[in-house]
There are 2 protein chains.
Amino acid sequence: MSTDVPAPLENDEHGSAKARAPRADAQRNLDTLLQTAAEVFASSGVDAPVREIAEKAGVGIGTLYRHFPNRAELVAAVFRREIDACANAAEPLAAAHPPFEALSLWIERYVGFVATKKGLAAALHSGDAAYESLPPHRNQRLIPALRGLLDTAASAGEIRSGVDAYDLLNAVGSLYMSVRDEPGAESARRMVALLIDGLRYGATGRPEA
Amino acid sequence: MSTDVPAPLENDEHGSAKARAPRADAQRNLDTLLQTAAEVFASSGVDAPVREIAEKAGVGIGTLYRHFPNRAELVAAVFRREIDACANAAEPLAAAHPPFEALSLWIERYVGFVATKKGLAAALHSGDAAYESLPPHRNQRLIPALRGLLDTAASAGEIRSGVDAYDLLNAVGSLYMSVRDEPGAESARRMVALLIDGLRYGATGRPEA
DNA sequence: ACCTGAACACCGTTCAAGT
DNA sequence: ACCTGAACACCGTTCAAGT
């Protein structure tokens, strides 16, 4: 009874309402698409033609549209992935560095994310329904990550306590989102440095616990 | 010797290098185009089709392209016009109100300009050469306008002196440029109010002169 | 089930033909 | 001189035909 399709691990008959595991090639296509789109968006901006992405990923346009009903959905999926990557960077940083350094490094990481996403602001302003999930997703993933770093640094007495993670995230985001040229980037860098200095200003200098 | 073309006021022969006055209908078309484009951009965003603008203005697409070699050039022209209008609002405000009130009202006017221009940030980020003139134009027109209001209010002792017009303009602009929803607008409003309070903080309370 | 790509609709831009 | 709009190139999206 040899077949050349991979043997399904679960029931695939009866059309039950249960979600089924995607076919291996479909999953691989989705990963490649997301990966390729991220690269193309980074180098050519989020307005890059979908056809170009499909070609570079080695799939038909139809396949791209099977996974993402429109270009906005693809853009949103790429951004969600990068938000997750940024959030996930917090834990290793916290494990490998002292609290304040971990916090600084993570903010640097976040700045790197925001600074390269030139199309993010435009996308969010477009009002397209596909982007509606992005601010909540950012809040759910990035705020807890930053709050953890802030709390740890505050408990260690390296920064003051009572700093709201949401405010800090927004402030840094706004400052870098409007950067247009090198002087602007310089100015944003100075203002973020000032914010970070501000965090240390009221610090106890000694762990509370 | 009756002709039905309007009599030219200047020499129109010899193909001299001197700039000539535009034909009356051409000037009227340009005004209508600019006016219509501003309305369409305000209601439908800067991505509105050029065809729609040409139709609403009652001219052929070719005429639109005669005046503006591409859509970016039209968008830039509309923004330049609105920057000028905002700059020109300073003088009447200064004449009609006490210094601090004039300053507050003008900032409100500027916020109104920035807040409605959802496409501005995206346009500036696009890197299109047509938009390169906008930041310099903004600086040349808006900074002197704001600086004048700041100086007058500082001389009257209503705000502190030494506040840089460029910094204030950028700060207010950045804050409102990233507004996406009603809570965001609330937050931006609070932050601008805080900035304005900050201006009054170190005031002498009495005119210097 | 999933993939492909020709076909369609729409938008920016050009240019030959008009006045 | 200036205006017009058909025509072209290009891009997002769909869907009939394949495996």
Side-chain angles (χ1 to χ4, degrees), chain A residues 3-16 18-33 37 40-41 44-76 123 126 128 130, chain B residues 3-16 18-33 37 40-41 44-76 123 126 128 130:
Chain A
T3 60
D4 46 11
V5 298
L9 300 175
E10 305 275 339
N11 60 318
D12 66 342
E13 314 285 349
H14 318 307
S16 91
K18 283 242 177 118
R20 301 216 356 266
R23 228 168 63 175
D25 57 344
Q27 181 62 46
R28 198 169 42 240
N29 276 340
L30 195 147
D31 288 343
T32 311
L33 238 14
V40 172
F41 290 158
S44 314
V46 286
D47 289 334
V50 283
R51 240 177 278 266
E52 184 188 334
I53 294 163
E55 271 168 31
K56 283 207 174 130
V59 303
I61 336 160
T63 300
L64 191 159
Y65 274 89
R66 157 169 290 271
H67 289 292
F68 308 99
N70 52 56
R71 90 182 314 284
E73 215 74 55
L74 173 61
V75 171
S126 74
D128 194 308
Chain B
T3 60
D4 46 12
V5 297
L9 300 175
E10 305 274 343
N11 60 320
D12 66 342
E13 315 285 348
H14 319 307
S16 93
K18 283 240 175 121
R20 302 216 356 267
R23 227 168 64 178
D25 58 342
Q27 181 61 47
R28 198 170 41 242
N29 276 340
L30 194 148
D31 288 344
T32 312
L33 237 15
V40 172
F41 290 158
S44 314
V46 287
D47 289 333
V50 283
R51 240 177 276 266
E52 184 187 334
I53 294 163
E55 271 168 29
K56 283 207 173 131
V59 304
I61 337 161
T63 300
L64 191 158
Y65 273 89
R66 156 169 289 270
H67 289 292
F68 308 99
N70 53 55
R71 91 182 313 284
E73 215 73 54
L74 173 61
V75 172
S126 72
D128 194 307

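Everything numeric here is computed off the predicted structure, so don't read it as measured data. Just so it is clear: chains get the letters A, B, ... in the order the sequence lines come, proteins before strands, and each one is counted from 1.
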K.L.:
What is the distance, to the nearest angstrom, from the CD atom on A:Glu52 to the P atom on C:dG5?
P.N.:
17 Å
K.L.:
Find the partner of C:dA1: check Watson-Crick (N1-N3 plus N6-O4 or O6-N4) and G-U wobble (N1-O2, O6-N3) distances, both under 3.5 Å, and reply none if neither fits.
P.N.:
D:dT19
K.L.:
Looking only at atom types and distance, does a side-chain atom of B:Arg71 sit under 3.5 Å from a main-chain N or O of B:Ala48, one as donor and one as acceptor?
P.N.:
yes
K.L.:
Which is true for B:Arg66 with a 4.0 Å heavy-atom rule: it touches a base, it touches only sugar-phosphate, or it touches nothing?
P.N.:
base
K.L.:
Counting heavy atoms from C-beta on, name the nucleotide in D:dC11, D:dC2, C:dT13 closest to the side chain of A:Pro49.
P.N.:
D:dC11
K.L.:
Please report the distance, rounded to the nearest Å, between CG in B:Asp47 and C1' in D:dC11.
P.N.:
14 Å
K.L.:
For the atom pair CG (A:Leu64) and CD (A:Glu55), what is the distance rounded to the nearest 0.5 Å?
P.N.:
11.5 Å
K.L.:
Which nucleotide in the list C:dA1, C:dT13, D:dC11 gets nearest to the side chain of B:Val50?
P.N.:
C:dT13
K.L.:
Evaluate A:Leu74 against A:Tyr65 for side-chain contact (heavy atoms from CB on, under 4.5 Å), listing each step before the verdict.
P.N.:
CA-CA 9 Å; A:Leu74 173 61; A:Tyr65 274 89; over 6 Å; no
K.L.:
Can you tell me how far C1' of D:dA1 sits from NE2 of B:His67, to the nearest Å?
P.N.:
11 Å
K.L.:
In whole angstrom, what separates B:Phe68's CZ from C:dG12's C1'?
P.N.:
16 Å
K.L.:
So if I take every side-chain heavy atom of B:Thr63 and compare against D:dT4, C:dT4, D:dG12, which nucleotide ends up nearest?
P.N.:
D:dT4
K.L.:
Which whole-number value in Å describes the distance from A:Glu73 CD to D:dG12 C1'?
P.N.:
14 Å
K.L.:
Kindly say whether A:Val59 contributes a backbone atom to a donor-acceptor pair with the side chain of A:Thr63 at under 3.5 angstrom?
P.N.:
no
K.L.:
B:Ile61 side chain: which of D:dG5, D:dT13, C:dG12 is closest?
P.N.:
D:dG5
K.L.:
Would you mind reading off the distance between B:Asn29 atom CG and D:dA1 atom C1', rounded to a whole angstrom?
P.N.:
12 Å
K.L.:
With rounding to the nearest 0.5 angstrom, report the CG to CZ distance, A:Leu33 to A:Arg28.
P.N.:
13.0 Å
K.L.:
Return the pairing partner of D:dT14 with a 3.5 Å limit on both distances, Watson-Crick or G-U wobble; otherwise return none.
P.N.:
C:dA6
K.L.:
Rounded off to whole Å, could you give me the CZ-to-P distance for the B:Arg71 and C:dC10 pair?
P.N.:
17 Å
K.L.:
Atom CZ of B:Arg51 and atom P of C:dC10: how far apart are they, to the nearest Å?
P.N.:
11 Å
K.L.:
Closest approach to the side chain of A:Tyr65, judged atom by atom: which nucleotide of C:dC2, D:dC3, D:dT13 is it?
P.N.:
D:dT13
